[in-house]
Number of protein chains: 2
Amino acid sequence: MTTMSDRYQPPLSPTRPTMRHVAALAGVGIKTVSRVINDEAGVSEATRQKVLDAIAQLNYQLDVTAGSLRRAGRRTLSVGLLLPSVSNPFSGEIHRALEDALGARGIAVFAASLDDDPKREQAIIAAFLGRRVDGLVLTPIAKNQAYMIPEHSRNLPMVFIDREPVGVEADAVVTDNAVGAGKAASHLLRHGHTKLAYLGDRTDIQTARERRRGFLEEVGGAGIPTSALPVIDDLHDEEAARRAALELLNSEDPPTAIFSSQNLVTFGTMRAMKELGVHKRVALVGFDDFTLADMMDPGITVIAQHPERIGVKSAERLLARIDGDEQAPRTYIVPSELIQRGSGEIRPPA
Amino acid sequence: MTTMSDRYQPPLSPTRPTMRHVAALAGVGIKTVSRVINDEAGVSEATRQKVLDAIAQLNYQLDVTAGSLRRAGRRTLSVGLLLPSVSNPFSGEIHRALEDALGARGIAVFAASLDDDPKREQAIIAAFLGRRVDGLVLTPIAKNQAYMIPEHSRNLPMVFIDREPVGVEADAVVTDNAVGAGKAASHLLRHGHTKLAYLGDRTDIQTARERRRGFLEEVGGAGIPTSALPVIDDLHDEEAARRAALELLNSEDPPTAIFSSQNLVTFGTMRAMKELGVHKRVALVGFDDFTLADMMDPGITVIAQHPERIGVKSAERLLARIDGDEQAPRTYIVPSELIQRGSGEIRPPA
DNA sequence: GACTTTCTTGACAACGATGTCTGATCGTTA
DNA sequence: TAACGATCAGACATCGTTGTCAAGAAAGTC
């Protein structure tokens, strides 16, 4: 009886086996090996088995990149993903959803972090294009993506996420930033607040501008003059936000409700409120959900985005483009959602 | 005067330009173009300029993968990274540190999520190898990595992170899990606790077993019998942990201090404690730091890992191996750190 | 001015795979 | 039995690049 363990194991060569080796061992031509691997028709079952045995014996693995050189359409079965930072949870969720959708098609994902640096954006895109990715999914930070026009006109599939492109036309998948921020505003107004404040991110980021616009329009639309409403922009980290919130809350006529336009700004604001002991008296609604928001005291009311849906949708669009969809580019909107947890339902002092 | 805007723009061909096109436009041979691009010696300055102009005019971009076919050493300038999940913050930090270190060398990173699925581990590794990555950095989940022996003996650079490999010898970068868990135990003992409990992750994960061992050894070493100590394993998500903690805290003789071996377990435990209103009476130390741990009430004392250091170290090892380092494989240990925030300093009731 | 030496340069094969095309083998049919 | 189509298989060129090598031009040497 022959068992697995006494089957002949070929010595492992230091160089990786190629189709030529497999073909030689199986006693067939390399094209036949190629046919077997790619499940092409026209190989007898007996030959197929010989080839499969040789593949197993040599531990052969197809070189996808070499194949892509000749293959029709030149598919490399890899795509590039550019995120603000792979260490940011929001980006991580998008990445994960995208990976799952593309992985099902055998597509691997290159991921990279932009760090809000336009130069880095261009460098990473160049690096990915140099590896001939089949498509790009990206959160643009540069003011303008006109430098991508050459690729665009070569029909490179591209999907922009979170922010819309400027200077090229392409599909985009974004949260309804203005609407979401408007929801936050109307929620606070409905709870009786008239003294609101806005704490926002860098204004060179499109989403930040949208959130600000949505918030202020909703407040203005309710008849509250926005000229006197404190609007503090360019808060990009927790500490800056904390200091701004402290100053705001210590001012002569402090707001009774604050809207923070982004996670880190929300964290900084929470810290400032707790330091001053007003976290149960001043209302807070933050844009972006976060882990343990419900475990805070009070729970933090947020406008939640749906990164996984953004990821799924962008994968869907990218695959459609890769498969030859020639529709005019569109922007897809993923709705945000208000989640009440306490901090946004605090009423102003009577 | 000639400005940028009236310079001749060639029509964008639908097909990507190759070296041949550049060579033709510059009036040189393709090898000369290759030399210019790779900064090889032996090209006169005048020729160099002609080539660079042609490259700019055609918007030419080198095909790295085609080059790797012929290049000595076959470097593809890409590596594969396998993480528990790219959406997990701990993984994200590692990814980021790695990306930065490798990006500086022009190496792009394929990232993928394992989801604790051994089959997926093998499939992803196969996918990456099929793209001829120059190396792998991975958190193994399969019980055994013997299936990688062929690659290993082909000298594929590999670095294991967070968990050590079984069945192959390779560099590993891990947290001092047992020591860290021991620190948690001695911290709780020092604060007067004798009735401790351990809530742990799946025992098929090496790190979970290490943490458990370190915790119990420290407790036992202090003369407290561990046989009666509640040890609940296989808690892999927040809800399971919450239920286990509830049961534990509702038992006849509840512990006065709990050690949770992982983030999600810590979250579930925090929830259970808050539900029962004992979060200020029962001590808690969790393994793994997390955002806003200091904002909880009380702040959560943790054994913090240093994912960014793990990422940096593993990048360093991977590059060393890629550069030909033939040292015997080693395990590098990144120390954990106890961070006191309140929950771990609660004393038992008198 | 003849001969080296050095510097530039391009022709060509090769990397590992796939597309095209042609040839061999087989069973079937008139 | 000859002709035919279907099936199976391999030879060969090719994808975009780099390594090898040899040739031609320029510069230096006596």
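Letters go in sequence order (proteins before strands), and every chain restarts at 1.
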- prompt: NA contact type, B:V64, heavy-atom cut-off 4.0 Å: base, sugar-phosphate, or nothing?
  reply: nothing
query: Out of C:dA17, D:dC8, C:dT9, which has the shortest distance to the side chain of A:A66?
result: C:dA17
query: Is any side-chain N or O of B:S68 closer than 4.0 Å to OP1 or OP2 of D:dT18?
result: no
query: Roughly, in whole Å, what's the span from CD in B:Q49 to P in C:dT9?
result: 13 Å
- request: May I ask you to test the A:V173-A:F160 pair for a side-chain heavy-atom distance under 4.5 Å?
  value: no
message: Can you measure B:D39 atom CG to D:dT18 atom P for me and round it to whole angstrom units?
response: 12 Å
message: Treating A:N38 as the side-chain partner and A:E40 as the backbone partner, does any N or O pair qualify as donor plus acceptor under 3.5 Å?
response: no
message: Looking at A:T32, I'd like to know whether one of its side-chain N or O atoms comes within less than 4.0 Å of OP1 or OP2 on D:dG10.
response: yes
query: Between atom CZ in B:R16 and atom P in D:dT17, what is the gap in whole Å?
result: 10 Å
message: Can a side-chain donor-acceptor contact be found between A:D115 and A:S113 if the only test is distance below 3.5 angstrom?
response: no
At a cut-off of 3.5 Å, list every protein nitrogen or oxygen paired with a nitrogen or oxygen from nucleotides 19-24 of chain D, distance to 0.1 Å.
residue: D:dG19; atom: N7; partner: B:K31; partner atom: NZ; Å: 2.9

query: Are the side chain of A:E121 and the backbone N or O of A:P140 linked by a donor-acceptor pair below 3.5 Å?
result: no
task: Mark yes or no for whether B:D162, through its side chain, and B:T139, through its backbone, hold a donor-acceptor pair below 3.5 Å.
output: no
query: When we call it a touch if two heavy atoms are under 4.0 Å apart, what does B:G73 touch: a base, just sugar-phosphate, or nothing?
result: nothing
Any donor-acceptor pair under 3.5 Å from A:D171 side chain to A:R317 backbone: no
query: So does A:S34 get a side-chain nitrogen or oxygen closer than 4.0 Å to the phosphate oxygens (OP1/OP2) of C:dT18?
result: yes
task: Can you tell me the distance, in whole Å, between the CZ atom of B:R75 and the C1' atom of C:dC15?
output: 16 Å
field: Comparing B:L69 and B:S44 on DNA chain C - which has the more 5′ nearest nucleotide
entry: B:S44
- request: Measure from CG on B:L62 to P on D:dC15 and round the result to the nearest Å.
  value: 17 Å
message: Can you confirm whether more than 12 heavy atoms, excluding those of B:E169, are under 6.0 Å from its CD atom?
response: no
task: With axes from five pairs an end, tell me the bend angle of the helix from C:dG1-D:dC30 to C:dA30-D:dT1, nearest 10°.
output: 60°
- line: Picking from D:dT17, C:dA17, C:dG16, the nucleotide nearest the side-chain atoms of A:R132 would be D:dT17
message: Any non-hydrogen side-chain atom of A:I94 less than 4.5 Å from a side-chain atom of A:I161?
response: yes
- request: To the nearest Å, give me how far apart CZ (B:R20) and C1' (D:dT18) are.
  value: 12 Å
Phosphate-side-chain proximity, B:T47 and C:dT9, N/O vs OP1/OP2 below 4.0 Å: yes
statement: Nearest-nucleotide check on DNA chain D, A:I30 vs A:R48; residue mapping nearer the 5' end is A:R48
query: Could you state the CG-C1' distance from A:D63 to C:dA14, rounded to the nearest angstrom?
result: 14 Å
- prompt: Base, sugar-phosphate alone, or nothing: which one does B:R74 contact when heavy atoms must sit under 4.0 Å apart?
  reply: sugar-phosphate
message: Side chains of A:R96 and B:S85 only: does a donor on one sit below 3.5 Å from an acceptor on the other?
response: yes
- prompt: Would you say the side-chain atoms of B:S153 pair up with the backbone N or O of B:I149, donor to acceptor, closer than 3.5 Å?
  reply: yes
- line: Atom CD of A:Q61 and atom P of C:dA17 are separated, to the nearest Å, by 10 Å
- request: Identify whether any heavy atom of B:T65 sits under 4.0 Å from a base atom; if not, whether one sits that close to sugar-phosphate; answer base, sugar-phosphate or nothing.
  value: nothing
